[in-house]
Amino acid sequence: QIQSSMPTFNYEGAAWSTPDKGPDTHNVFRFFDTKGGTHFLTDSVAERDVILATIPNYTYEGVAFAAYNDVAGPGHLTLDRFYNTQTGQHHFSASSEETASINQGAAGPGWISEGKAFTVHMPTDVGLYA
């Protein structure tokens, strides 16, 4: 649908994969922003609860997938989270080059870094793609 209805978006393939739920993982929660038409992800229970209590246009969709507890495991990849103060959109970067580029303004105005988001792993042929 995105490829057919949003010509300014270019498909770049899977940037990261998610682990199976297990003792070494925790939940990542998903919200749908009914005002902006986008999704927001967080692995923070505290942030989830604040959003539920204070942002009525964010519809809680539950647990989206699992993320690793250990940021330094083999093949693990910690995503950087950005917020656009002008559009209200969030973006998750799996690439240090992309992160640097956004921080230098290449993505346009309004983008601020919100720091590290959650840890997943490099995409694989057998992984569940997010």
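- Within a 6.0 Å sphere centred on NZ of Lys35, other residues, nucleotides and ligands contribute 12 heavy atoms or fewer.
- Trp111 has its side chain within reach of Gln89: a pair of non-hydrogen atoms, C-beta onward, lies under 4.5 Å apart.
- When every heavy atom of Pro19 is checked against every heavy atom of Ala66, the shortest pair comes out as CD-O, 3.2 Å.
- A distance-only check finds a donor-acceptor pair linking the side chain of Thr99 to the backbone of Ser95 [under 3.5 Å].
- Scanning all heavy atoms of the two residues, the minimum distance from Val71 to His76 falls at O-CB, 3.8 Å.
- Remark: Arg81 is not positioned above the aromatic ring of Phe92, lacking an NZ or CZ atom under 6.0 angstrom from the ring centre and at most 45 degrees off the axis.
- Residues Phe65 and Phe118 place their aromatic rings such that the two centres sit under 6.0 Å apart.
- Closest approach of Ala94 and Ala15 over heavy atoms only: CB-O, 3.8 Å.
- Between the Thr34 side chain and the Asn57 main chain, a donor and an acceptor come within less than 3.5 Å of each other.
- In summary, the aromatic rings of His90 and Phe82 are positioned with their centroids too far apart to meet the 6.0 Å limit.
- Looking only at distances, no side-chain donor or acceptor of His121 sits under 3.5 Å from a matching main-chain atom of Leu77.
- For Asn69 and Asp24, the side-chain atoms include no donor-acceptor pair closer than 3.5 Å.
- Using a 4.5 Å cut-off between side-chain heavy atoms of Ile, Leu, Val, Met, Phe, Trp and Tyr, with links allowed through other members, Ile112 and Leu79 fall into different hydrophobic clusters.
- The closest side-chain heavy-atom distance from Phe31 to Thr59 is not below 4.5 Å.
- One N or O on the side chain of Thr54 and one on the backbone of Val50 form a donor-acceptor pair closer than 3.5 Å.
- Phe40 has its side chain within reach of Ile51: a pair of non-hydrogen atoms, C-beta onward, lies under 4.5 Å apart.
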